[in-house]
Undergrad: 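Starting off with a structure, shown below.
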Amino acid sequence: MNINEFAKRRRRLMRMMGQDSIAVLPTASVRIRNRDVEYPYRPDSDFYYLTGFNEPEAVMVLAPGREHGEYILFCRENDPEQETWHGRRVGQEGACEIFEADDSFPISDIDDILPGLLEDRERVFYTIGCEPEFDQKVTGWINQLRKKSHAGVHTPAEFVALDHLLHDMRLYKSRSEVSAIRKAVKISIKAHKRAMQKCRPEMTEDQIEAELLYEFMRNGAKSPAYPPIVAAGENGCILHYTENSDVMKSKELLLIDAGAEYDSYAADITRTFPVNGKFTRAQKDVYEIVLAAQEAAIEKVQPGNHWNDPHEAAVRVITQGLIDLGLLKGRLSTLLKKHAYKKFYMHRTGHWLGMDVHDVGDYKVGDEWRILEPGMVMTVEPGIYIPAHTDKVARKWWDIGIRIEDDVLVTRDGNEVLTEALPRSVAEIEELMAG
Ligand code: GLY
Ligand code: MN
Ligand code: MN
């Protein structure tokens, strides 16, 4: 992401905050995996969205109109010994020169400096509840100011959650954000294709996971955007299956839900295909319903439609399809009213997509579903899941778990399926797997 993009975002946010305000935003903490081993570090998405800064132990402060600089970055000091052991730090100079902070202080000095920054402001934009230890610090700084009120020290009067403004900004993707998502998608498509081509009966799910991760990493995605789901047969009916450890059998379906993260943006793609490369009749029958539901849903991704339109379209097609297969009995309208599809389709048809795989942004405004607008990116991911021994379901349908998930950008005149290049139809999948 170009460094100017971060400056633009900060300026926009400050305009919305107003002059009397201050925003305080810490990045994510380092988390321990076991004993002295840490999880790979990933900055907080909100923090990264405004700074592009990826070191831990950092706090961004925005103080619109502040004479000595509006953008203040607290971060680790340079320390040759620490840097020899644990890696480079940009330090205060780098924070200003590379990351364009107007002012930067060592994170170890934050308790001395932050109360002074809060003092002459009326309104503090800070989101409580994300980093409990940091909440305590903020409370401490405010109390310090209150105690000095007799000496004429002023305490801000208002606390406002920062996410309201920020998450609404993040919902509308800029051109460079869409480019980053396109890149994540491109890498993910390579990985899904590779998985389809490498898949053979008697391999294990983790061997396919390894193929996905290999393709991610060699194309510049250091990490998946979320733990990949590689689920064969009955595992495909477990929505968040991530053990990925079973042997895959010839007549089973394999459901892969995997997306790369690139430049902090996520792809989120699911494909379901036969382990041996050829759909059985029953698998194909169910697959075609999910595919038709997805097509109907994508059709509804249009500016001016509301958030739930695609879901309603998918649910209608799935319900009718289940009636046609004899898996649901009754009239379409009655079954829709009773949400009968939930027996086989228990999740929603999509979510916002961006820096977080389940990205931020409200789905409703007041009591009304949000109206889709150009620049929004969402997934469309209907599915049908029929675990073995499902009540009143013939054996031929057992262990069929199918989801098809694509990433869709709302455009001025409709939509663009960013993941279009990945085979989706039965014929396309069988052809790729046979090749
Ligand atoms: N991969 C998570 C989801 O599809 O929502
Ligand atoms: Mn998804
Ligand atoms: Mn997914």
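Starting from 1, each residue takes its place in the sequence as its number. Atoms within a ligand are numbered from 1 in the order they appear, just like the ligands themselves.
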Undergrad: Taking the side chain as C-beta and beyond, is there a heavy-atom pair between Phe53 and Thr27 under 4.5 Å?
TA: no

Undergrad: Considering distance alone, does some N or O of Arg403 sit under 3.5 Å from an N or O of ligand 1?
TA: no

Undergrad: Listing by chain and number, what protein N/O/S atoms are under 2.8 Å from the Mn ion (ligand 2)?
TA: Asp268 OD2, His351 NE2, Glu381 OE2, Glu405 OE2

Undergrad: Should the pair Arg424-Glu295 be classified as a salt bridge under the 4.0 Å nitrogen-to-oxygen rule?
TA: no

Undergrad: So that I can tick it off, tell me whether Asp168 and Arg370 are bridged by a salt bridge, with the cut-off set at under 4.0 angstrom between side-chain N and carboxylate O.
TA: yes

Undergrad: Please could you name the atoms of ligand 1 that His358 approaches to less than 4.0 Å, counting only its heavy atoms?
TA: 2 (C), 3 (C), 5 (O)

Undergrad: Run the ring-ring contact (aromatic ring centres under 6.0 Å, His included) check on Tyr385 and His347 step by step: do they pass?
TA: CA-CA 10 Å; Tyr385 311 91; His347 59 80; 5.5 Å; yes

Undergrad: Is it true that, when you exclude Gln82 itself, more than 12 heavy atoms of the residues, nucleotides or ligands shown sit nearer than 6.0 Å to its CD?
TA: yes

Undergrad: When you measure from the side chain of Gln320 to the backbone N and O of Arg316, does any donor-acceptor pair fall under 3.5 Å?
TA: no

Undergrad: Answer with side chain, backbone, both or neither: which part of Val357 has a heavy atom less than 4.0 angstrom from an atom of ligand 1?
TA: neither

Undergrad: For Asp257, counting its heavy atoms only, list the atoms of ligand 1 lying under 4.0 Å from any of them.
TA: 1 (N), 2 (C), 3 (C), 4 (O)

Undergrad: For the residue pair Glu5 / Ser174, report whether a side-chain donor-acceptor contact shorter than 3.5 Å exists.
TA: yes

Undergrad: Is it true that Arg42 and Glu261 have a side-chain N and a carboxylate O under 4.0 angstrom from each other?
TA: yes

